[in-house]
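Report on the structure given below.
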Amino acid sequence: MWFEIIPSFAIVSLALAAPGYAIYGLHKLALGNPYRRGMEERHNRMDYQRDRRLTANPYIQNGLEVIPDE
């Protein structure tokens, strides 16, 4: 019957979803936050450095209110 594939489907789905949830926990343990910003491309690296310079925490989203007026 068709319902005999449900256990196999659950095992495959769990095996594909587990790395995504595991990496969240590993980043939380290793980096202190669950999010990772990629530094492979120049644009992403510049955004990271800009956020770190302006607010000292690149993982918090900031708006225009954090940019100092001249």
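Since the model is a prediction, treat every value here as computed from it, not as a measurement. We count residues from 1, following the sequence as given.
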Point to revise | Single-linkage hydrophobic cluster Ile6~Met1, side-chain heavy atoms < 4.5 angstrom | key: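 In one cluster with Ile6: Met1, yes.
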Point to revise | Approximate separation, where rounding is to 0.5 Å, of Arg42 CZ and Asn44 CG | key: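 Arg42 CZ to Asn44 CG: 11.5 Å, rounded to 0.5 Å.
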Exercise for review: Measure the CD-CE distance between Glu41 and Met46 for me, rounded to the nearest 0.5 Å.
Suggested key: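 These two atoms lie 13.5 Å from each other.
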